[in-house]
Chemist: 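Next up is a structure, given as structure tokens.
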Amino acid sequence: MSETSELRTRKVQVSLMAYNLVASEILTISGQINELKAQGKRIANFTVGDFAKGEFRIPDALTDLIIQQYREGNTNYPPSSGEMPLRQSVADFCRNRLELDYSTNQILIAGGSRPLIYGTYVTIVDPGDLVLYGVPSWNNNHYCHLVNAFPRQIDLKRENNFLPTATEIKEYIGKAVLIALNSPCNPTGTMFTAQQLADICDLVLEENQQRERRGAKPVYLMYDQMYYLMAFNGRQHVHPVGVRPEMKEYTIYIDGISKYLGATGVRVGWAMGPEVVMKRMSGVLGHIGAWSPKPEQLATAAFLQMDSSLDQYLSGLNQKIETRLQRIHHAVQQWKAAGLPVDSIEPQGGLYLSVLFNIKGYNAPDGEILSSADKMRKYLLTEAGVAVVPYEAFGDKENEGWCRISVGGVSDEDITFALESLPTALKKLKWSK
Ligand SMILES: Cc1ncc(COP(=O)(O)O)c(C=O)c1O
């Protein structure tokens, strides 16, 4: 039944917003993976931005601290803005690691970073307001939908490491109320350089000076740095206030332990920003009630102060992640040198690698022409047993063939398997024209 006839026949029993919310494409891919696994096929699953339990654990000291908090009975409601010891600890952590000076009333805690991203959208954006972000992007389309924003997507380019540039942003900034940036980036595994980011910040500052004269609402920058302690190859994480201190008035940082402490299920995230925004956002989050559990908050507060345990953990995590990313990148570069239609971007940060399977228009052995991103993905899945996520699933319709490979949910043996099966599958393809 079509959507309009469902509406006409009163089959729609929920809000139009909920009805029209697009399901995660990664979930659809997961369904196909499970089906193939049930048939006994081996699949190396590079689709999930998560950590396999047998491969990555949270720091032992954090586990002990969490258990201790439960034992001590700290299981009642936390304050809706977050436990004060954690807000204090986050303030110290950001001062030490990022040279950022935020007071506790500029910091909010929630159950992972997602509620804080949603809270930022709800607090800044009115229905119909323009939100600016580049594609491929992680979930900004969904957050725009939730708050009925007008999404202005910038088609990102390989030559810019799939990150937006000031020139691209300049065209739309006059109408935007929020610009969403993410570095290290999910899905691309790339990071802003100080110059790239400073150019964008200069635009924001210039625009806001004009708005201040007109008495108009400023444009804010949401800077998602969930992976910032996972930077490789000598890369330095850069952030708006670091490159332009005046950006403090307009930046909302999104951060948390989900990725760099391998703690996606622990649910501790924080946001920092100007008090005028955070105060309103605290009210929004209080009503949503997406609080981080109190024992996890208090345990994280203590763990963030254990500098040497944290550094030791990070060096182990990053070594393992970087080795995996580099291994795949080097293999892809060898296949490319041997003439296969592939490419990849040297890993910079996060959990991800950008890999190009430039196989659109090729003929599969069964005669099917790989005419779309989805057909290319399915070929790699069924023929090579390798599951990847095309950039299309992250809203990017321009860069066909580029895919995200995530290395947290696989084993080293899975990678070995994929590095053998992928070139074999690629060699079976015939150029069809
Ligand atoms: C860029 C980015 N921000 C935020 C999140 C969500 O983090 P959390 O699990 O803390 O909600 C993710 C998760 O994949 C992410 O990749």
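Numbering starts at 1 and runs along the sequence shown. All of these numbers come straight from a predicted model, not from anything done at the bench. Counting convention: from 1, in listed order, for ligands and their atoms alike.
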Chemist: What residue and heavy atom of the protein are closest to atom 1 (C) of ligand 1, and at what distance?
Modeler: Asp224 OD2, 3.3 Å

Chemist: What residue and heavy atom of the protein are closest to atom 5 (C) of ligand 1, and at what distance?
Modeler: Trp138 CH2, 3.3 Å

Chemist: Within this structure, what is the CG-CG distance for the pair Leu261 and Leu314, rounded to the nearest 0.5 Å?
Modeler: 6.5 Å

Chemist: Should the proximity of Ser113 to ligand 1, defined as any heavy atom under 4.0 Å, be assigned to the side chain, the backbone, both, or neither?
Modeler: both

Chemist: Atom CD in Glu55, atom CG in Asp414: separation rounded to 0.5 Å?
Modeler: 8.0 Å

Chemist: Looking only at N/O atoms, are Tyr352 and ligand 1 under 3.5 Å apart anywhere?
Modeler: no

Chemist: Would Arg114 count as being in polar contact with ligand 1, using the rule that some N or O on each side must be under 3.5 angstrom apart?
Modeler: yes

Chemist: Could you check atom 13 (C) of ligand 1 against the protein and tell me its nearest heavy-atom contact, residue, atom and distance included?
Modeler: Lys259 NZ, 3.1 Å

Chemist: Using 0.5 Å steps for rounding, measure from the CZ atom of Phe150 to the CD atom of Gln153.
Modeler: 9.5 Å

Chemist: Has Tyr379 got a side-chain atom pairing as donor or acceptor with Ala425's backbone, closer than 3.5 angstrom?
Modeler: yes

Chemist: Looking at ligand 1, would Thr264 count as a contact under a 4.0 Å heavy-atom criterion?
Modeler: no

Chemist: Check the pair Arg97 / Asp311 against salt bridge (charged side-chain N to carboxylate O under 4.0 Å, His left out), numbers first and verdict last.
Modeler: CA-CA 11 Å; Arg97 306 246 165 195; Asp311 284 334; 2.7 Å; yes

Chemist: May I ask you to list the atoms of ligand 1 that are less than 4.0 angstrom from any heavy atom of Met226?
Modeler: 3 (N), 4 (C), 7 (O), 10 (O)

Chemist: Would you mind checking which non-hydrogen protein atom is closest to atom 10 (O) of ligand 1, with the distance to 0.1 Å?
Modeler: Ser258 OG, 2.6 Å

Chemist: Tell me the protein heavy atom at minimum distance from atom 15 (C) of ligand 1, and give that distance in Å.
Modeler: Tyr227 OH, 3.6 Å

Chemist: Report yes or no: does Thr104 contribute a side-chain atom to a donor-acceptor pair with the main-chain N or O of Gln88 at less than 3.5 Å?
Modeler: no

Chemist: With a cut-off of 4.0 Å, which atoms of ligand 1 are near a heavy atom of Asn182?
Modeler: 1 (C)

Chemist: Atom 9 (O) of ligand 1: which protein heavy atom is closest, and how many Å away?
Modeler: Arg267 NH1, 2.8 Å

Chemist: Can you tell me how far CZ of Arg95 sits from CG of Asp92, rounded to the nearest 0.5 angstrom?
Modeler: 5.5 Å

Chemist: Evaluate the side-chain proximity of Glu275 to Tyr102: yes if any heavy-atom separation is below 4.5 Å, no if none is.
Modeler: no

